[in-house]
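First the structure, in the form of structure tokens, and then the observations on it.
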Amino acid sequence: MAYLLGHKEFWSLDLLVDLRVLIPRPDSETLLEEALDRFANPGAALRIADVGTGSGALALALAKERPQAQVSATDISPDALAVARANAERLGLAVTFLLGDLDQPLVPAGRFDLIVANLPYIPSADIDRLSADVAQRATPGARRRGRRPCARAQAGRGCAETPASGRRPGPGGRRRPGWRGRGASTRAGLGDIRSRRDLAGIDRVVSGMKGTSS
């Protein structure tokens, strides 16, 4: 329906969407809530990065909630970045958009206080079981597994992500995406590792902070 309407609400933001991007889903707000909880001061002058921004939903919501922050966002798709830029201009929110693979465009900028990533890690074998709108946008880049921003050095103080690969069944056979993400975050030197459940009660987000112990 969102593709037909050309709009989707996310965090009270009216976003433009089309077939160049995935539709922002309500469960993605779980990641945003975790990130905001980690850095609760709305006036903090943070450096924030959104890796794999798509429509720009997370980056724009963070720019709205943390107006003193410098927000950057990356995507490997020029088409997706065109949608994200259009949303930023329409909403009057300042975000720097960078073209490139995952966090590689962020390297010249140094470390960030917070990195968020809601990447669509989708094993190729699962593509046929996805809803039609997601399957259509499941490019080879979206299916790539194993390169998680929280496990890389660019995560300066904190990181929050939805590590969907390496999932382990939860109650009733439901898939729980946080398990390997915890291990990767610990190996990256992040402490205070915690997970957050989505609207369905499934562990959806893993986050951690540097300079703390698990």
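Just so you know, these numbers use all the heavy atoms, side chains as well, and skip hydrogens, waters and symmetry mates.
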Residue pairs meeting salt bridge (Lys or Arg N to Asp or Glu O under 4.0 Å), one or both in residues 84-99, sequence neighbours left out, come to D14-R90

In short, salt bridge (Lys or Arg N to Asp or Glu O under 4.0 Å) pairs touching residues 48-65 with sequence neighbours left out are none

Testing the basics here: between [X] and [Y], what is the closest heavy-atom pair and its distance to 0.1 Å?
| X | Y | result |
| --- | --- | --- |
| A45 | D113 | O-OD2, 4.2 Å |
| L62 | A35 | CD2-CB, 4.3 Å |
| A69 | I48 | CB-CD1, 3.8 Å |
| A73 | A59 | CB-CB, 3.9 Å |
| R20 | A82 | NH1-CB, 3.8 Å |
| Q104 | P108 | O-CD, 3.9 Å |

Side chain proximity check, [X] to [Y], heavy atoms < 4.5 angstrom:
| X | Y | answer |
| --- | --- | --- |
| L119 | T162 | no |
| L32 | N118 | no |
| S55 | N87 | yes |
| F97 | S72 | no |
| T96 | V71 | no |

Quick check against the 3.5 Å criterion: does [X] have a side-chain atom that pairs as donor or acceptor with the backbone of [Y]?
| X | Y | result |
| --- | --- | --- |
| R66 | F39 | yes |
| D198 | G201 | yes |
| T74 | L102 | yes |

Give, for atom [atom1] of [X] and atom [atom2] of [Y], the distance between the pair rounded to the nearest 0.5 Å.
| X | Y | atom1 | atom2 | value |
| --- | --- | --- | --- | --- |
| L106 | I115 | CG | CD1 | 6.0 Å |
| L36 | N41 | CG | CG | 11.5 Å |
| E34 | L114 | CD | CG | 10.0 Å |
| L60 | W11 | CG | CH2 | 14.0 Å |
| S28 | L199 | OG | CG | 10.0 Å |
| L15 | I23 | CG | CD1 | 9.5 Å |

- Message: Between T53 and D75, is there a side-chain donor-acceptor contact under 3.5 Å, judged purely by atom types and distance?
- Response: no

*Does a donor on one side chain and an acceptor on the other come within less than 3.5 Å for S207 and R38?*
yes

Exactly one of D203, D37, T30 clears side-chain hydrogen bond (donor to acceptor under 3.5 Å, both in side chains) with R196, and that residue is D37

**Prompt:** How far apart are the C-alpha atoms of D27 and R25, what are their side-chain angles, what is the distance that settles it, and do they pass the salt bridge (Lys or Arg N to Asp or Glu O under 4.0 Å) test?
**Reply:** CA-CA 5 Å; D27 282 343; R25 298 182 181 274; over 6 Å; no

L81 and L93: same hydrophobic cluster, using ILVMFWY side-chain contacts below 4.5 Å? yes

request  = Spell out, yes or no, whether L58 and L16 are grouped together once hydrophobic residues are joined by side-chain heavy atoms under 4.5 Å, including indirect joins.
outcome  = no

Practice item. Dump the intermediate steps for side-chain contact (heavy atoms from CB on, under 4.5 Å) on L13 and L91, then the final yes or no. Key: CA-CA 8 Å; L13 297 175; L91 296 168; 4.2 Å; yes

With sequence neighbours left out, the residues meeting side-chain hydrogen bond (donor to acceptor under 3.5 Å, both in side chains) with R47 are none

